[in-house]
Amino acid sequence: MEFRQLEAFVAVAEKKSFSLAADALYLSQSTVSSHVKNLEKELKKQLIVRTTKSLRLTPEGETFLHYAKRIVETRDAALAAVSEHSQSVLRLGASSIPSAFLLPEIIRRFRDGYPDVVCEVRQGDSRDIHEMLQDGTVDIGLLGQEFSSAKCSYIPLCADRLVLAAPATDEYRRMKEEGRELPEILKSPYIQRERGSGTEAVSGQILRELGMSPTSLHIVTGTNDLQSLTRMIEMGVGVSICSELAVREAAEQGRILIWPLHTTATRSFYIAHCGGRSLSPLMQEFLDCALEMYRG
């Protein structure tokens with residue numbers, strides 16, 4: 001198995017096109033096709049189904065894509081680590097909420113003291129960022145969930161408040177005015193956060209405290225995109241348990257209604273690094289900057 005085969009497969013899967021993948025890799029379409037075909041031959045599995053009108057991954061292709069991307073990213077990280085410019089690059093990973101609402105301000109404050117440093121940001125769910133920390137793809141991660149690991153050190157950064165968000169329709173306004181109980185509201189169509197997110201992990205505990213089971217929810221869709229989540233709630237697709245940070249602006253503008261969740265289930269955001277490696281001066285400065293901002 002060769003890196004060029006993995007790169008070709010990842011490019012085709014992401015571009016949904018052999019020709020666009022070839023353009024992105026500066027290769028001929030026949031070369032890209034050959035790389036994918038040889039990879040499938042070695043794996044003894046079909047990864048891509050191509051017709052005259054469409055292209056899709058097989059179930060095996062979907063599974064393999066996750067690992068292929070990780071291998072390519074780790075290779076890129078290894079090359080960056082030994083490049084002459086590596087000291088001026090800080091590789092950061094962040095799950096969805098920290099990426100949107102915490103990381104931008106930390107980077108702005110950090111660059112006040114280090115204007116020449118390039119901050120490369122990779123996004124994923126909390127489990128993705130944990131894996132990136134472990135394999136060295138990123139130097140520092142901001143996550144909404146702590147994972148047990150002998151390699152990684154997790155430091156609580158700040159607390160998160162989860163709320164129940166619903167469309168600002170007459171129906172839900174009436175429920176709010178009448179003081180309807182949360183279990184009744186949660187019988188509505190439900191928008192689920194992606195598996196692996198910190199929000200999804202805590203939601204199960206919240207539901208159990210409300211006397212409900214996650215399997216009792218009427219799930220109509222799921223998303224890992226915060227803007228999409230907010231928009232779907234606004235459009236009346238359903239309700240969702242989500243971070244207040246994600247829907248605060250929409251709630252303040254009256255586009256969404258929120259209910260506080262009086263529960264013992266809590267969630268924090270963490271800043272993490274791989275404890276098996278010593279922190280570089282840049283990593284330590286970034287860590288100190290984030291902790292000073294959110295923990296005083």
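- Without hydrogens or angle criteria, S240 side chain to A165 main chain gives no donor-acceptor distance under 3.5 Å.
- For the residue pair D288/Q284, the side-chain donor-acceptor check at 3.5 Å is satisfied.
- For E146, the side-chain contact (heavy atoms from CB on, under 4.5 Å) partners are Y154, Y270, not counting sequence neighbours.
- The shortest side-chain heavy-atom distance between I241 and L207 falls under the 4.5 Å cut-off.
- Going from atom NZ of K16 over to atom OG of S54 covers 11.0 Å, rounded to the nearest 0.5 Å.
- Looking only at side-chain heavy atoms (C-beta outward), L55 and V12 come within less than 4.5 Å of each other.
- Proximity of a side-chain donor or acceptor of D128 to a complementary backbone N or O of D125 within less than 3.5 Å is detected.
- Residues V202 and L143 are members of separate hydrophobic clusters, defined by side-chain heavy-atom contacts under 4.5 angstrom among Ile, Leu, Val, Met, Phe, Trp and Tyr.
- Pairing each heavy atom of P98 with each of P104, the nearest pair is O-CD, 4.1 Å.
- Rounding to the nearest 0.5 Å gives a distance of 7.5 Å between SG of C274 and CG of L133.
- Hydrophobic clustering places L157 together with I97 (ILVMFWY residues linked when any side-chain heavy atoms are closer than 4.5 Å, directly or through intermediates).
- In this structure, Y172 and S188 have side chains that are in contact, with non-hydrogen atoms separated by less than 4.5 Å.
- Residues S243 and D160 come closest through the heavy atom pair OG-OD1, 2.9 Å.
- Shortest non-hydrogen contact noted between A24 and K15 is CB-CE, 3.9 Å.
- In this structure, the side chains of P260 and H262 come closer than 4.5 Å at one or more pairs of heavy atoms.
- Annotation: ring pair (Phe, Tyr, Trp, His ring centres under 6.0 Å) contacts of F64 (sequence neighbours excluded): F9.
- Under the 4.5 Å side-chain heavy-atom criterion for ILVMFWY residues, a single connected hydrophobic cluster contains both L90 and L102.
- At least one side-chain heavy atom of R122 sits under 4.5 Å from a side-chain heavy atom of M132.
- Partners of R180 under the side-chain contact (heavy atoms from CB on, under 4.5 Å) rule, at least two apart in sequence or in another chain, are M175, E178, E184, I185.
- Every residue meeting the side-chain contact (heavy atoms from CB on, under 4.5 Å) condition with K69, not counting sequence neighbours, appears here in chain and number order: V10, E14, L65.
- The shortest heavy-atom contact between L282 and S88 is CD1-CA, 4.3 Å.
- When the ring pair (Phe, Tyr, Trp, His ring centres under 6.0 Å) test is applied to Y114, the partners found at least two apart in sequence or on another chain are F110.
- Here the two rings, on F147 and H130, have centers that are under 6.0 Å apart.
- Under the rule for a salt bridge (Lys or Arg N to Asp or Glu O under 4.0 Å), E249 has no partner lying at least two apart in sequence or in another chain.
- In this structure D116 satisfies the side-chain contact (heavy atoms from CB on, under 4.5 Å) test with no other residue, sequence neighbours excluded.
- Considering only residues two or more places apart in sequence or on other chains, E62 meets the salt bridge (Lys or Arg N to Asp or Glu O under 4.0 Å) condition with none of them.
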For the pair R4 and E7, evaluate salt bridge (Lys or Arg N to Asp or Glu O under 4.0 Å) and give the outcome as yes or no after the intermediate values. CA-CA 5 Å; R4 56 187 179 178; E7 286 177 326; over 6 Å; no

Using the rule given for side chain to side chain contact (heavy atoms under 4.5 Å, CB included), can you reason through I129 versus L142, listing the C-alpha separation, both sets of side-chain angles and the distance that settles it, and then say yes or no? CA-CA 8 Å; I129 303 305; L142 279 78; over 6 Å; no

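- Side-chain contact between L92 and I106: absent, with no pair of heavy atoms (C-beta onward) separated by less than 4.5 Å.
- In this view, R248 satisfies the side chain to side chain donor-acceptor pair (under 3.5 Å) rule with no residue, not counting sequence neighbours.
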Stepwise side chain to side chain contact (heavy atoms under 4.5 Å, CB included) test for D139 and V89: CA-CA 10 Å; D139 302 313; V89 175; over 6 Å; no

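- Under a 4.0 Å N-O distance rule, the pair E73/R70 qualifies as a salt bridge.
- In this structure, R109 and C289 approach most closely via the heavy-atom pair CG-SG, 3.6 Å.
- K44 places no side-chain N or O within 3.5 Å of a backbone atom of K41 that could act as its donor or acceptor partner.
- In plain terms, the two heavy atoms of L20 and S17 that are nearest each other are N-OG, 3.1 Å.
- Hydrophobic side-chain contacts under 4.5 Å tie V49 to no other Ile, Leu, Val, Met, Phe, Trp or Tyr residue.
- Cluster membership for L257 and L162, using ILVMFWY side-chain heavy atoms within less than 4.5 angstrom, is shared.
- The cationic group of R75 lies under 6.0 Å from the six-membered ring centre of F3 and within 45° of the ring axis, placing it in a cation-pi geometry.
- Of the possible donor and acceptor atoms, none in the side chain of R91 sits under 3.5 Å from a partner among the backbone N and O of V121.
- To the nearest 0.5 Å, atom CE of residue M212 and atom OG of residue S203 are 11.5 Å apart.
- Each of L164 and M232 belongs to its own hydrophobic cluster when Ile, Leu, Val, Met, Phe, Trp and Tyr are linked at side-chain heavy-atom distances under 4.5 angstrom.
- No side-chain heavy atom of F286 sits under 4.5 Å from any side-chain heavy atom of V117.
- A donor-acceptor distance shorter than 3.5 angstrom exists from the side chain of K176 to the backbone of I258, with no hydrogens or angles considered.
- Side-chain atoms of T63 come within 3.5 Å of backbone atoms of P59 as a donor-acceptor pair (strictly under, hydrogens ignored).
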Evaluate T58 against I48 for side chain to side chain contact (heavy atoms under 4.5 Å, CB included), listing each step before the verdict. CA-CA 6 Å; T58 64; I48 295 174; over 6 Å; no

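- Applying the salt bridge (Lys or Arg N to Asp or Glu O under 4.0 Å) rule to E234 yields the partners R231, R255; only residues at least two apart in sequence or on another chain are considered.
- The backbone N or O of D225 lies less than 3.5 Å from no partner atom in the side chain of S228, so there is not a single donor-acceptor pair.
- For D170 and R174, the salt-bridge test fails: no basic side-chain N is under 4.0 Å from an acidic carboxylate O.
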Could you go through Y190 and T221, starting from their C-alpha distance and side-chain angles, then the distance that decides it, and tell me whether this counts as side-chain hydrogen bond (donor to acceptor under 3.5 Å, both in side chains)? CA-CA 7 Å; Y190 189 81; T221 187; over 6 Å; no

Between C152 and Q134, does a side chain to side chain contact (heavy atoms under 4.5 Å, CB included) hold up when you go through it step by step? CA-CA 7 Å; C152 297; Q134 287 194 308; 3.7 Å; yes

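- Shown here is Q227, whose CD atom has no more than 12 heavy atoms of other residues, nucleotides or ligands within 6.0 Å.
- Residues Q5 and K37 fail the side-chain proximity criterion, which asks for heavy atoms closer than 4.5 Å.
- The only option from V237, L217, T230 that meets the side-chain contact (heavy atoms from CB on, under 4.5 Å) definition with I191 turns out to be V237.
- Checking each of S33, S28, S34 against T31 for a side-chain hydrogen bond (donor to acceptor under 3.5 Å, both in side chains) leaves exactly one that passes, namely S28.
- Listed by chain and number, the residues in a salt bridge (Lys or Arg N to Asp or Glu O under 4.0 Å) with R161 are E244 (sequence neighbours excluded).
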